[in-house]
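These notes are about the structure you will find just below.
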2 protein chains.
Amino acid sequence: MPNKNSDGQDEYDPGFVRKDSLFDGLSEEEKNNFLESGKVLSFRRGQTVFRQGEPLHSFYMICSGIVQLSRVTPNGREVTLDILIEGDMACAKEIFEMRDTHMVTASAVKPTKIMIFPKRWLFETAQKNSVFAINLLAAISRRAQMVELDAEHQATMSAPQLAACFLMHLCNNHGFDPHGFDLPFSKSLIASRLGMELETLSRTFPVLEKYGISIKGKRVVLRDLDAADKHVCDNCSVRESCRARLSLQRKKDDEKPLQSKTHSD
Amino acid sequence: MPNKNSDGQDEYDPGFVRKDSLFDGLSEEEKNNFLESGKVLSFRRGQTVFRQGEPLHSFYMICSGIVQLSRVTPNGREVTLDILIEGDMACAKEIFEMRDTHMVTASAVKPTKIMIFPKRWLFETAQKNSVFAINLLAAISRRAQMVELDAEHQATMSAPQLAACFLMHLCNNHGFDPHGFDLPFSKSLIASRLGMELETLSRTFPVLEKYGISIKGKRVVLRDLDAADKHVCDNCSVRESCRARLSLQRKKDDEKPLQSKTHSD
DNA sequence: CGTCATCTTGAGGAGTGTCAATAACTGTGG
DNA sequence: CCACAGTTATTGACACTCCTCAAGATGACG
């Protein structure tokens, strides 16, 4: 259970600020100054962070946990647009688009801590601090590029390819060991994220064995990244990242044979 | 044929700077100052502006004409990611992502003029001028939102719905008269943009009659926007825009019965 | 050990992709 | 103005992928 301070909000742990963050290139002082504008809230598994159509007040950064971004389309279908993890941000797009309502619904997939900033803060900081503005541009651009690549995948890849690609990315983004890791969320969520039905996803798993990927229950093993690569996207260059991690892992294994980074939860 | 000045580049006509442009909120002086950093080049129908994989040097703004952005996927399939028109920009994403090569290929679909800025210029201007930076953030955010909505459509809509939605957007974006306009580019391009085969697109047209949309050759008539709306996306709120244009058109028709804005070429 | 949620497996059908033949349009040269 | 070739689009037949509905299987947890 998280500690609460006098305001009733959780104390924050700035450790989540990693990756290619908005605070890159800022002094520790500036960074901490910025972080004080936000407050950290905790969400239970299944709890809604914000809902599609509600007024948009804040900018969000995920400190820990997992958040599903979804939309209910006019036809009544639910689509998962993204699955956010530690270090990801939400609603920057909408804020700079000057929208006043949320386009998507965000809900915690597991216990999650989120840092929340007033949207005015984001806007004004981008105006005042050019380093921050450039970081924001980079982050939003990166995200836009990912979405575009995603759309390309949907258009050109089969269900098994999509699944393989997703698993490799997952391994990469979460820092899992390709030799074996457990899915951090349900297969239904994955299927929804990939724009396919759960049944279709299930049926891809036997096929993926051929690509050197095996799934038994929640357990995933990426055995042969080369084989996988033949059937999946080069663009993502996941293989390279995964392989880098693999050899890193091997070195670590040599040094401390007992260490396992699989469950970082 | 465009005039050439002493540098061999075409003279520019800043009239293309419309829409929710990067120069919003800047003084005429600043704006013109900025425009002087760019030069306008002309491209023939079919000519390549830049190619996927080539080094990325510039930021682009379309002055007139139509540009197809496409990618060849690792499987060898070509996907059309976007179709740019007057006022659209290209490569901002890639520049702020710090990429050094082009992700996509751009080619002129018809005779096209493009204003070209050094990528350093874009970067430095965003750093120096906070209004410009915010405009950039807005533009990239808007684009990202569109791509996301597009992906949602691909995932949830049938081929006829996609086609109907595309035609309504087309009418809207190009400022055509819903009562009747000619497609400004080939149906193959549209099919490729919608991630479907030309044959599939062709087969949607008879179906679209039911939705109040008729296509005969290049001629398109959006007869019943309400009927179309029932079968297409609410999100896009194309109907509203089209309807606004419809009543605008009616007023114009009342005033000057002979005017026709269909062929703006 | 039963209950609930999550997942797997099966059978059938709708929607698209593929291949191939035909038709319409576009521009060129006689 | 017409015949011609080249491009672009339509139409048909068939195969394949994925969705839908339905029935089990597995796993988590009290």
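Everything numeric here is computed off the predicted structure, so don't read it as measured data.
Closest to the side chain of A:Arg45, from the set C:dT16, C:dT6, C:dC7, is C:dT6. Distances were taken from every side-chain heavy atom of B:Thr200 (C-beta onward) to each of C:dT16, C:dC7, C:dT8; the shortest belongs to C:dT16. Each of C:dT6, C:dT16, C:dC19 was ranked by its minimum atom distance to the side chain of B:Glu199; first place goes to C:dC19.
Rounding to whole angstrom units, CD of residue B:Glu197 and P of C:dC19 are separated by 10 Å. Regarding B:Leu201, its CG atom lies at a distance of 14 Å from the C1' atom of C:dG17, rounded to whole Å. Computed from coordinates, the B:Asp182 CG to C:dT26 C1' distance equals 15 Å when rounded to whole Å. Going from atom CG of B:Leu162 over to atom C1' of C:dT16 covers 12 Å, rounded to whole Å. Atom NZ of A:Lys216 is separated from atom C1' of C:dC7 by 15 Å (rounded to the nearest Å). Atom CE of A:Met157 and atom C1' of C:dG17 are 18 Å apart (whole Å). If you take CG of A:Leu183 and C1' of C:dC7, they are 12 Å apart, rounded to a whole angstrom. Straight-line distance from the CG atom of A:Leu189 to the C1' atom of C:dC7: 14 Å, rounded to whole Å.
At a cut-off of 3.5 Å, with distance as the only test, no side-chain donor of B:Ser64 or B:Glu86 sits close to an acceptor on the other residue.
Comment: A:Asp182 engages A:Arg219 in a salt bridge, judged by a side-chain N to carboxylate O separation of less than 4.0 angstrom. In this structure, A:Arg223 pairs ionically with A:Glu209, as a charged nitrogen and a carboxylate oxygen lie closer than 4.0 Å. The pair B:Arg143-B:Glu148 fails the salt-bridge criterion, with no side-chain N (NZ, NE, NH1 or NH2) lying under 4.0 Å from an Asp/Glu carboxylate O. Of the charged side-chain nitrogens involved, none lies within less than 4.0 Å of a carboxylate oxygen, so that A:Arg142 and B:Glu94 do not count as a salt-bridged pair.
When DNA chain D is scanned in the 5' to 3' direction for atoms under 4.0 Å from non-hydrogen atoms of chain B, the outermost contacting nucleotides are D:dT8 to D:dA13.
With hydrogens and angles left out, the side chain of B:Arg203 and the base of C:dG17 share no donor-acceptor pair within 3.5 Å.
A donor-acceptor pair is defined here as one N or O able to donate and one able to accept, closer than 3.5 Å; such a pair exists between the side chain of A:Thr156 and the backbone of A:Glu152. No side-chain donor-acceptor contact under 3.5 Å links B:Thr48 to the backbone of B:Arg51.
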